[in-house]
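This structure is a prediction, so every number in the text was calculated from the model and none was measured. Sequential numbering from 1 along the given sequence is applied to the chain's residues. Keep in mind that the numbers below use all heavy atoms, side chains included, and drop hydrogens, waters and symmetry copies.
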Amino acid sequence: MKRAILLAIALLAMPFTALADDDDDAPAETGMGLAGVLSKSNREALPEFTLSAGQPISKGQLTLKSGKYYTLEIKADGSQELALEGAGFFRAVWVNEIVIEGIEIRPLGIDSIEFDEAGKAEISFIAIKPGSYYLKIPGSTGDTQQVAITIE
């Protein structure tokens with residue numbers, strides 16, 4: 001009887017031994033690891049945006065991939081009080097945090113970010129909803145005063 005019980009337990013445990021191999025020995029580039037979309041292998045730094053009176057914000061448009069984690073650094077030179085708005089874009093991404101002078105802010109959502117003086121802010125986010133969006137200086141009409149962003 002004892003032997004039959006041990007055999008039954010062993011047979012029941014066999015399917016779970018396959019689940020126990022968590023592929024720790026697999027190369028990092030084959031998967032995202034335990035952190036999933038927040039893992040280092042899924043991160044990318046975007047080109048810096050510069051807010052300066054009469055100067056282009058960015059060198060060109062951005063193409064992002066849905067599900068990828070990005071960091072965007074925005075610098076203002078203090079030449080003018082400037083903001084960057086883009087409610088549609090900010091609703092199409094999940095903002096993880098905004099870091100301003102070492103202070104981490106974890107918002108539920110944002111519409112714009114404004115600089116009254118020189119400084120920098122870093123926004124980290126995951127692109128979610130595919131489409132065409134923009135970030136622009138409010139009230140501006142020039143093409144250099146906005147950045148077109150496409151999420152694929």
Legend entry - Whether S66 side chain and E152 backbone form a donor-acceptor pair below 3.5 Å: no
Inset, instruction - Rounded to the nearest 0.5 Å, what's the gap from CD on E104 to CD1 on I98? Could you check? - result: 11.5 Å
Inset, instruction - Report yes if some heavy atom in the side chain of L82 is under 4.5 Å from a heavy atom in the side chain of F115; otherwise report no. - result: no
Inset, instruction - State, yes or no, whether a side-chain contact exists between E73 and E122 at a heavy-atom distance under 4.5 Å. - result: yes
Inset, instruction - Determine, using the 4.5 Å side-chain heavy-atom cutoff (strictly less than), whether I74 and L46 are members of one ILVMFWY cluster. - result: yes
Legend entry - Within-4.5 Å side-chain heavy-atom neighbours: T71 and R43: no
Legend entry - Nearest-0.5 Å distance, CD1 of residue I137 to CD1 of residue I57: 4.0 Å
Inset, instruction - State, with a plain yes or no, whether a side-chain heavy atom of F49 is found less than 4.5 Å away from one of L135. - result: yes
Inset, instruction - Applying side-chain contact (heavy atoms from CB on, under 4.5 Å) between V147 and each of P56, P47, S58, report the one that passes. - result: S58
Inset, instruction - Please list all pairs passing the salt bridge (charged side-chain N to carboxylate O under 4.0 Å, His left out) test where one or both residues lie in residues 89-101, with sequence neighbours left out. - result: E97-R106
Legend entry - Euclidean distance, D77 CG relative to T50 OG1, rounded to 0.5 Å: 8.0 Å
Inset, instruction - Establish whether I151 and V95 are linked, either directly or via other cluster members, by ILVMFWY side-chain heavy-atom contacts under 4.5 Å. - result: yes
Legend entry - Transitive ILVMFWY side-chain link L84 to V99, under 4.5 Å: no
Inset, instruction - List the steps, then state whether side-chain contact (heavy atoms from CB on, under 4.5 Å) holds for N42 with I126. - result: CA-CA 10 Å; N42 193 45; I126 296 175; 5.8 Å; no
Legend entry - Residue pairs involving residues 128-151 (criterion side-chain hydrogen bond (donor to acceptor under 3.5 Å, both in side chains); sequence neighbours excluded): none
Inset, instruction - To the nearest 0.5 angstrom, please state how far the CG atom of N96 sits from the CD1 atom of I123. - result: 11.5 Å
Legend entry - K68 atom NZ: more than 12 heavy-atom contacts under 6.0 Å: yes
Inset, instruction - State the CG-CD1 distance between L72 and I113, to the nearest 0.5 angstrom. - result: 9.0 Å
Legend entry - Heavy-atom pair with the smallest gap, counting every atom of S79 and A53: OG-N, 2.9 Å
Inset, instruction - Find out whether F125 and L64 are in side-chain contact, i.e. whether some heavy atom of one side chain is under 4.5 Å from a heavy atom of the other. - result: yes
Legend entry - I100 reachable from F90 in the ILVMFWY side-chain graph, under 4.5 Å edges: yes
